[in-house]
Amino acid sequence: MAPGLVEPTNQIAPSMSRGSVREVASFFLKLGFLAFGGVAGHIAMMRRELVDRRKWISEQDFLDLFGIMNLIPGPSSTEMVIALGYWRAGWPALILAGALFILPAMLMVLGLSWAYVRYGMLPAAQWILYGINPMVIAIIADALLSLGRTALKTAWLALMAVASLALYFRGVSIVAILAGAAFLTAVVGYSKTKGQQRALGIFPVASVGAGAAAAAASAIPFSMARLFLTFLKIGAVTYGSGYVLLAFLRADFVAHLHWLTDKQLLDAIAAGQITPGPVFASATFVGYLTGGLKGALLATLGMFLPSFIFIAILFPFIPRLKGSAGARIFLDGINAVTVGLMAAVSWQLARGAILDAFTAVEAIVGLLILRRFQINSAWLILGGLVAGFAWKFATGSG
């Protein structure tokens with residue numbers, strides 16, 4: 001480790017033992033190939049594997065980390081991967097974990113981009129997701145049950161979770177909900193500890209410039225530099241789901257730069273959603289459509305580079321944050337709200353995944369298996385794929 005850098009093990013996540021770069025690389029590469037279901041699915045799979053099965057980290061430390069990642073712009077599940085890699089095996093793993101998690105999605109979206117340019121449409125993939133999605137819902141439900149027990153320790157925290165869920169369904173943005181929760185818990189923490197949690201001051205920086213994506217610009221000729229810088233900006237200020245990403249991408253690439261049509265942009269988002277790994281890999285699709293292979297690589301780099309930088313910068317502050325009594329109150333509140341938001345998003349995902357009696361039964365069986373056995377979630381995903389394909393074949397509906 002370089003001189004002056006904070007040793008990750010036992011200071012930031014006391015429950016996490018030191019591991020090897022190889023095991024980190026192996027796990028997150030595999031996760032990149034199997035992690036369907038967006039942020040909720042990714043977090044659920046990581047919790048299942050790293051908390052329950054491999055015992056890399058405790059439930060509380062995992063929950064604290066996820067709460068902190070939700071306060072940072074960018075794809076929170078990718079940032080969770082980057083942080084977990086760092087804490088498990090140091091700086092080389094910070095880069096490898098994130099890069100290998102992103103790599104499968106980038107390569108798959110690149111293949112879809114090539115097919116799209118050649119044939120003018122995306123290959124059909126719904127039959128693949130038919131059996132996989134119910135198992136993703138089962139994994140998410142299992143994670144919610146376990147994370148909920150850890151996060152909702154008091155009636156006050158349970159009320160915050162319910163309030164965040166209700167606000168989400170009333171159309172309040174995730175950023176506004178998190179900002180409100182951060183303010184409320186910071187005030188409560190300050191009143192109880194009389195200013196001990198000065199470390200909280202690092203977080204408002206994360207939201208500075210969130211409105212930059214709305215800056216107006218006239219139509220501008222394409223250039224690789226502008227493509228990269230536009231994605232760098234989006235990666236540095238975007239919060240939320242793929243739908244939030246859609247708004248940022250449309251503001252720049254359709255309304256301002258006029259490099260894409262609405263249909264092309266929607267197809268880019270679809271490509272990120274039908275492949276495993278981060279939905280933000282839609283950047284690869286946009287980059288390929290506008291600048292070919294070089295554009296795809298630059299767009300992907302620009303989109304994800306801020307996440308690596310944010311995690312590297314914030315690490316020295318996290319031990320102080322976790323060690324403060326006021327910050328503990330702050331994190332507990334954020335964790336409760338995060339669980340509520342995860343439940344809300346999971347409900348929306350379930351409505352799109354549970355399509356009929358077969359998928360409902362598959363999800364229930366998957367949840368029962370997860371609650372009873374310490375099974376690797378990868379086998380559950382693969383089992384869902386086979387079961388869904390077999391059912392479609394047997395009923396002749398595929």
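Everything numeric here is computed off the predicted structure, so don't read it as measured data. Position 1 is the first residue of the sequence, and the numbers go up from there.
The structure places CZ of F66 at 15.5 Å from CG of D61, a figure rounded to the nearest 0.5 Å. Atom CD of residue E49 and atom CG of residue L31 lie 8.5 Å apart, to the nearest 0.5 angstrom. Here the straight-line distance linking atom CG of L110 with atom CG of L293 works out to 6.0 Å at 0.5 Å rounding. Of the inter-residue distances, the one linking I140 atom CD1 with L147 atom CG reads 11.5 Å to the nearest 0.5 angstrom. One finds the CG atom of D332 at 7.5 Å from the OG1 atom of T154 (value rounded to the nearest 0.5 Å). Note that CD1 of I334 is 12.5 Å distant from CE of M69, once rounded to the nearest 0.5 Å.
Using the six-membered ring where Trp is involved, F358 and W391 have ring planes that are parallel, under 30° apart on the 30 and 60° scheme.
Looking only at distances, no side-chain donor or acceptor of S307 sits under 3.5 Å from a matching main-chain atom of G74. Of the possible polar contacts, none joining the K294 side chain to the G291 backbone as a donor-acceptor pair under 3.5 Å is found. No donor-acceptor distance shorter than 3.5 angstrom exists from the side chain of S146 to the backbone of A143, with no hydrogens or angles considered. Here the side chain of D356 pairs a donor or acceptor atom with the backbone of T359 at under 3.5 angstrom. For the pair E23 (side chain) and S20 (backbone), a donor-acceptor distance under 3.5 Å is present. H42 places no side-chain N or O within 3.5 Å of a backbone atom of S77 that could act as its donor or acceptor partner.
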* **Working for side chain to side chain contact (heavy atoms under 4.5 Å, CB included), residues I102 and F280** => CA-CA 9 Å; I102 295 165; F280 279 46; over 6 Å; no
* Evaluate the criterion side chain to side chain contact (heavy atoms under 4.5 Å, CB included) for residue pair R88 and R54; output intermediate values, then yes/no. => CA-CA 12 Å; R88 181 65 175 172; R54 301 178 186 233; over 6 Å; no
* Which is it for F222 and W259 under the ring pair (Phe, Tyr, Trp, His ring centres under 6.0 Å) test, yes or no, and what are the steps along the way? -> CA-CA 7 Å; F222 174 80; W259 291 355; 4.9 Å; yes
* Tell me, with the steps shown, if F231 and F253 meet ring pair (Phe, Tyr, Trp, His ring centres under 6.0 Å). => CA-CA 10 Å; F231 273 109; F253 289 96; 4.9 Å; yes
* **Steps toward side chain to side chain contact (heavy atoms under 4.5 Å, CB included) verdict (T261, V254)** => CA-CA 6 Å; T261 65; V254 178; over 6 Å; no
* Can T284 and M303 be said to form a side chain to side chain contact (heavy atoms under 4.5 Å, CB included), step by step? -> CA-CA 9 Å; T284 306; M303 178 62 84; over 6 Å; no
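Looking at heavy atoms from C-beta onward, L341 lies out of side-chain contact with L165 at the 4.5 angstrom threshold. Contact check for I381 versus M45: side-chain heavy atoms found under the 4.5 Å cut-off. Within the 4.5 Å cutoff, side-chain heavy atoms of I311 are placed close to those of I72. Contact of the R371 side chain with the L145 side chain is registered, since non-hydrogen atoms from C-beta on lie closer than 4.5 Å. For the pair D142/R47, a side-chain contact is recorded, criterion being any heavy-atom separation below 4.5 Å from C-beta on. With contacts defined as side-chain heavy-atom distances shorter than 4.5 Å, the pair Y116/V109 does not qualify. Using a 4.5 Å heavy-atom threshold, the side chains of L100 and F27 count as separate. Residues Q264 and V286 form no side-chain contact, since every pair of their non-hydrogen atoms from C-beta on lies 4.5 Å or further apart.
Across all non-hydrogen atoms, the minimal contact from G366 to L380 is O-CD2, 4.1 Å. Residues M108 and T275 come closest through the heavy atom pair CB-CG2, 3.8 Å. Residues F308 and I95 share a closest heavy-atom pair of CE2-O, 3.8 Å. The two residues V39 and S76 come nearest to each other via the heavy atoms CG1-OG, 3.5 Å. A pairwise comparison of heavy atoms in A281 and F304 identifies N-CZ, 3.9 Å as the closest pair. Residues A299 and A283 share a closest heavy-atom pair of CB-O, 3.3 Å.
The number of heavy atoms from other shown groups lying within 6.0 Å of CZ (F169) is above 12. Counting heavy atoms of neighbouring residues, nucleotides and ligands inside a 6.0 Å radius, atom CZ of R22 does not exceed 12 of them.
In terms of hydrophobic clustering, with Ile, Leu, Val, Met, Phe, Trp and Tyr side chains grouped at heavy-atom distances under 4.5 Å, V162 and Y168 are assigned to different clusters. Under the 4.5 Å side-chain heavy-atom criterion for grouping Ile, Leu, Val, Met, Phe, Trp and Tyr, W379 is connected to L370 within one hydrophobic cluster. The same ILVMFWY cluster, assembled from side-chain heavy atoms under 4.5 Å apart, contains both L94 and I309. Both L144 and I139 belong to a single network of hydrophobic side chains, linked directly or stepwise wherever heavy atoms of I, L, V, M, F, W or Y lie under 4.5 Å apart. I132 and I364 sit in two unconnected hydrophobic clusters of ILVMFWY residues. Membership requires side-chain heavy atoms under 4.5 Å apart, directly or through other members.
The side chain to side chain donor-acceptor pair (under 3.5 Å) test applied to S164 returns no partner, not counting sequence neighbours.
Between W114 and Y288, the distance separating the two ring centers is not shorter than 6.0 angstrom.
A side-chain contact (heavy atoms from CB on, under 4.5 Å) with T290 is found for exactly one of L298, L257, L260, namely L260.
For R149 and E59, the salt-bridge test fails: no basic side-chain N is under 4.0 Å from an acidic carboxylate O.
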